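Shown next, in C-alpha cells, is the structure this report addresses.
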Amino acid sequence: MLTPHTVPLINRERSILAFQERVLAQAKNNTLPLLERLKFIAIVSSNIDEFFEVRMANMQEQIQSGLERIENQSASEWRLNIQAYALKITQEQHQIFFHELLPELKKESINVLDQNEWSTKQHEWLYHLFTQNMLPVFTPIALDLAHPFPHITNKSLNFIVDLKGTDAYGRNIDTAILPIPENLPQIIELPSPNGETQLTTIQAIIEAFVADIFPSLEILGLYQFRVTRNSHLYIDKEELTNLHQALRGELKQRGFGHAVRLEIECHCPAHLKSLLIKEFELSPEDLYATEYHFDFSQIHNILEYIERKPHLIFTPIKRHIPARWENRTDAFSEINRQDVLLHHPYDRFLPVVDFLKEASNDLAVRAIRMTVYRTGDDSELMELLVNAARQGKEVNVVVELMARFDEATNLSWASRLEDAGIKIVYGVFGYKTHAKMLLVIREEQNLKGETYLRRYAHVGTGNYHQGNARLYTDFSLLTSHKEVTASISEIFLNLSSLAKIPSLSTVWQSPFNFIDRLLEEIDFEINEAKAGRKGHIIARMNALMEPIIITALYNASQAGVQIDLIVRGACALKPGIPGLSENIRVRSIVGRFLEHSRIYYFYHAGKEHAYLSSADWMNRNFFRRIEIAVPLYDKEIKQKVVEEGLLWCLEDQTAWCLNGATGNYHQAPHINPETSVQYRLIQKRLS
C-alpha cells in the first residue's frame, strides 16, 4: 500500500527547471511579438537566479550536512545532473538571444553593438563618456598580499583581468578584479545619424577602454563573471525579540551568503577559473561557462530605449469592469445584492480599490482588517488604509515581513502604516501569512431599525499588488456571505491575539483544518467511484509537491476517480502510470500572463463543490503558512469560475502535458492557438 514515504515522485528541483524550459519555449516561439520574446528570456533568467539563491542553496546545505542520497542516486550524482540541466538551459538562453533575437531586432533597426561595430564618432563619444562619467568611480583591485580577494556582491557584474607588468611601486601584477559599480548604467544609447536605435553595453565600453583603467600594464585578457549567493534570511527564534529590527539587520547580510554558482565566459583561462572557484569556495561543477556572457536582467533596460511599435508587443487587452459594478449605488449594497467575482487581468482590479476606498470614507464603517504579502512600492491600497486610519477608523493590518525578496518593501510599508496609527501585526513567527483577505465591518440597520454590525470581505488567489493584477491570472471575490465573513473575522482575531484554534465551519485554514478538509473531499470522490458513481476532481495551482495529497490522488485514481490537474510550475505527481495514476492528467499552461489562480473542484455527487484559495498543494502551504480556501456558494459565480478557470484550461491545445514516466513535458504537434484559455478570455471581454 502506498504511503507518503514510499509514493513515487518527480524531483522538485528537476520539475522547477522543466518549468523554465517551458517559459524559454515562449522566447523561441516566432509567432509571438519580438519584444515579448525578449521578456521571456529575462523571466527565465530571474527564475534561474532564484532557483540557485533558494532551492540549490538549500539542497547544497543539506548535502554538506550529510544528506547522502536523493532519488535513488548519490547526492553528488543528483547534484551533477541538476547542474548539467541548469547549464543546458542557460546555454540555450544565450543561443536564442544572440542567434535569434538580436538578428531579429536588427531587422527592426534596433542594434545592440559591440565595440567593433561602433562608428568613429560613436567611439569618440563613448570615450568621452567613459573618461568623464565612469573611470573616476572604478576601483580596480590588484590581487596581492596587501589586497586580498574582495567581497563580490550577489549577482553583480565583475571582471577578472589577466595582466602582465609592474606598477609604480615595482610590484609584479598578474591578476586584478574590477567590480562594476551598480549605479552605473548597464545599457547606453548611442548617437545615431539614421534614426535607428543603437545601444551598447557597459561591458563593451570597459573592454574597449580597459587600458585606461590599468595604465602601464599589458592586458592579456578581460573576462566577465557573476556569482550567485544563498539569499536565505536566517532569524533565530530563540534570540528573537523584535522581528522588525531583526529582519532589517538580516537584510543587510543577504548579499553576503555563501556562493552557490559562478557564471563566466567559457574562454576564460583555466588558471583564472580555478582562482575564482577557490576564492568562492565552490566546486568545479558550480562553474557555469557560456560562449557569450550577458546579464539578462538588463533586457528591461534595453526595452526602455525601444519604441513600442504595435507589431513588436502584445496588443493591449481591453480590461473589463462588470456593468453592475459601474452602475452601483455603492459598493456595500451591490455586494449585498450578489457576490462580485473578478477574473484578473481580464477584469480590472479597480473594484477592489473602489471597495476599500468607499470603506475608508464611509462614516458607517467601524473597522478594516487586511493581510499584506506583496503590494509593491507604490500602492494605492496602502494609501487608502492610511486615509481610513486618519478618519478615525479602527484599522488592523497583518504584514508578512518574510515575503521573499519583498521584505524591504514590507518593512517600509509597516513603518508608514504604524506612523499613521494603524495597528500592525506580523502574524505568527514561523508561519507566513500568505492568505489574501480584506475585511470591512460596517454598522447597518435591519428592517426593524435596529443597528448591527455587518461584515464584508474580499478574498483572492493573488496578492494586493495592482501591477501583478495586470500580469497574473487570479480571481477576486467580494462577498458579504455571513458564514464566510464570520470565518475570516475569526482568522483575523486569531492572528492578532493568543486565540484558540478557530472553529471554522466554511473556510479552510492552514495550518489547522485545511489539509483535513481537502482529504475529506478527495475521500468522498473515492467512495463515490468505489460505489460505481461518478468521481471527478479538477484542481489548478502553481505547484503540487505534498506527498500526503499525492498519495490520496493516486488512491483516488486507482479507485476510478477522474482527476485533471492544471499545475503551472513544479509537479511531483507522476500522471498516467498504469496501476498507479492512469486516471490522472497533468497539464501546464504558459502564456502571455502568469497563470496564478488556485481553484479546487470536486463533483461531490453532482453538488459540485468549488473553492478559491491562496494555497498551492505543498508542505509549506499546509503546515507552515496561514492559507485559506473559500467555498463558492453563488451558483452563477461557481459556474463562471469552473468554466473560465478550469474547463477552458482543459480544452487549451497549447498546454504542456506531463509524461509521468519520464518527467518531461510536451505540446501537441499541431495546435490551434485560438483554443488558448488566455486568448478565449481576451476575446470574451471584447464581445
Side-chain angles (χ1 to χ4, degrees), residues 2-19 50-51 53-63 65 67 69-71 75 78 82 230-235 237 373 400 402-405 427-436 461 501 508-523 537 539-556 563 565-575 581 584 586 588 596 598-600 611 613-629 658 660 663:
L2 289 175
T3 70
H5 299 291
T6 61
V7 63
L9 300 173
I10 297 171
N11 176 258
R12 179 176 181 177
E13 286 70 32
R14 174 182 170 80
S15 192
I16 291 173
L17 291 176
F19 172 61
E50 184 173 339
F51 172 77
E53 290 175 281
V54 180
R55 289 306 310 164
M56 279 302 286
N58 177 60
M59 293 305 297
Q60 288 189 19
E61 285 181 349
Q62 291 187 44
I63 292 170
S65 298
L67 181 64
R69 298 195 66 79
I70 305 172
E71 277 196 319
W78 174 88
I82 292 295
N230 184 338
S231 292
H232 176 70
L233 298 179
Y234 179 73
I235 296 177
K237 181 178 181 180
Y373 192 76
E400 180 47 68
M402 300 298 288
R404 184 178 292 133
F405 302 125
V428 182
F429 185 77
Y431 297 86
K432 284 187 181 182
T433 303
H434 193 249
K436 285 69 179 175
T461 66
I501 294 176
W508 305 354
Q509 185 201 344
S510 63
F512 302 120
N513 68 343
F514 197 120
I515 194 168
D516 291 334
R517 297 293 296 276
L518 176 56
L519 289 171
E520 287 172 8
E521 289 280 14
I522 296 173
D523 285 343
I537 298 170
R540 177 177 172 184
M541 66 207 72
N542 300 329
L544 169 56
M545 300 302 303
E546 173 50 49
I548 295 174
I549 298 301
I550 293 173
T551 302
L553 293 173
Y554 284 158
N555 290 335
I563 303 170
L565 302 174
I566 305 143
V567 186
R568 183 197 78 209
C571 178
L573 182 145
K574 295 184 173 186
S581 56
I584 305 178
V586 176
S588 170
H596 194 255
R598 289 92 164 192
I599 312 165
Y600 319 145
Y611 302 82
S613 181
S614 59
D616 297 316
W617 289 357
M618 301 176 69
N619 181 276
R620 68 188 186 191
N621 301 89
F622 294 129
F623 303 112
R624 302 195 308 278
R625 287 188 173 186
I626 310 298
E627 304 274 16
I628 62 169
L658 174 58

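Since the structure is predicted, the reported quantities are computational estimates derived from the model, not experimental observations.
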Tell me, with the steps shown, if Asn621 and Phe514 meet side-chain contact (heavy atoms from CB on, under 4.5 Å).
-> CA-CA 9 Å; Asn621 301 89; Phe514 197 120; over 6 Å; no

Rounding to 0.5 Å, atoms CD1 (Ile599) and CZ (Arg540) come to a distance of 5.0 Å

Given Arg598 and Asp616, is the side-chain contact (heavy atoms from CB on, under 4.5 Å) satisfied, shown in steps?
-> CA-CA 7 Å; Arg598 289 92 164 192; Asp616 297 316; 3.1 Å; yes

Keeping the roles fixed (side chain from Ser613, backbone from Ile628), state whether a donor-acceptor pair exists under 3.5 Å.
-> yes

Just do the side-chain contact (heavy atoms from CB on, under 4.5 Å) check on Arg568 and His596 with the steps written out, would you?
-> CA-CA 8 Å; Arg568 183 197 78 209; His596 194 255; 4.0 Å; yes

Looking only at atom types and distance, does a side-chain atom of Glu546 sit under 3.5 Å from a main-chain N or O of Trp617, one as donor and one as acceptor?
-> no

What's the shortest heavy-atom distance between Ala75 and Leu67, and which atoms?
-> CB-O, 3.4 Å

Residues passing the side-chain contact (heavy atoms from CB on, under 4.5 Å) test with Asp523, sequence neighbours excluded, are Ile526

Does a donor on one side chain sit under 3.5 Å from an acceptor on the other, for Glu61 and Asn230?
-> yes

In terms of ring plane angle, is the pair Trp508 and Tyr600 parallel, tilted or perpendicular, where the classes change at 30° and 60°?
-> parallel

Closest non-hydrogen atoms of Ser581 and Pro575, given as atom of the first, atom of the second and distance, are OG-C, 3.4 Å

Value for CG (Asn542) from OG (Ser588), rounded to nearest 0.5 Å, stands at 10.0 Å

Residues in side-chain contact (heavy atoms from CB on, under 4.5 Å) contact with Tyr431, at least two apart in sequence or another chain = Val428, Pro511, Ile626

Can you list the residues that meet the ring-ring contact (aromatic ring centres under 6.0 Å, His included) rule with Phe19, with sequence neighbours excluded?
-> none

State whether the side chain of Ser614 and the backbone N or O of Glu627 hold a donor-acceptor pair below 3.5 Å, judged by distance alone.
-> no

Counting N and O atoms only, with roles assigned by atom type, does the side chain of Arg625 sit under 3.5 Å from a partner on the main chain of Arg620, one being a donor and the other an acceptor?
-> no

Roughly how far, to the nearest 0.5 Å, is OG1 of Thr3 from CD1 of Ile548?
-> 10.5 Å

Note, Leu658 side chain near Cys571 side chain (heavy atom, < 4.5 Å) = yes

Can you tell me how far CD1 of Ile549 sits from CZ of Phe622, rounded to the nearest 0.5 angstrom?
-> 4.5 Å

Modelled atom types, side-chain donor and acceptor of Ser231 and Glu53, under 3.5 Å | yes

Spacing of Trp78 atom CH2 and Asn11 atom CG [to the nearest 0.5 Å] = 5.5 Å

Got a sec, which residues hit side-chain contact (heavy atoms from CB on, under 4.5 Å) with Arg55, two or more places apart in sequence or on another chain?
-> Arg12, Glu13, Ile16, Phe51, Asn58, Met59

Summary of salt bridge (Lys or Arg N to Asp or Glu O under 4.0 Å) pairs that have at least one residue in residues 509-521, sequence neighbours excluded | Arg517-Glu520

Rounded to the nearest 0.5 angstrom, the CD1-CD distance for Ile82 and Gln60 is 11.5 Å

Sequence neighbours left out, what passes side-chain contact (heavy atoms from CB on, under 4.5 Å) with Ile550? Give chain and number order.
-> Val7, Leu9, Leu544, Tyr554, Ala572, Leu573

Answer yes or no: is there a donor N or O on one side and an acceptor on the other, between the side chain of Lys432 and the main chain of Gly430, under 3.5 Å?
-> no

Flag the pair Tyr611 / Leu518 as yes when at least one side-chain heavy-atom distance between them is below 4.5 Å, and no otherwise.
-> no

Atom of Pro4, atom of Pro547 and distance for their closest heavy-atom approach = O-CB, 3.4 Å

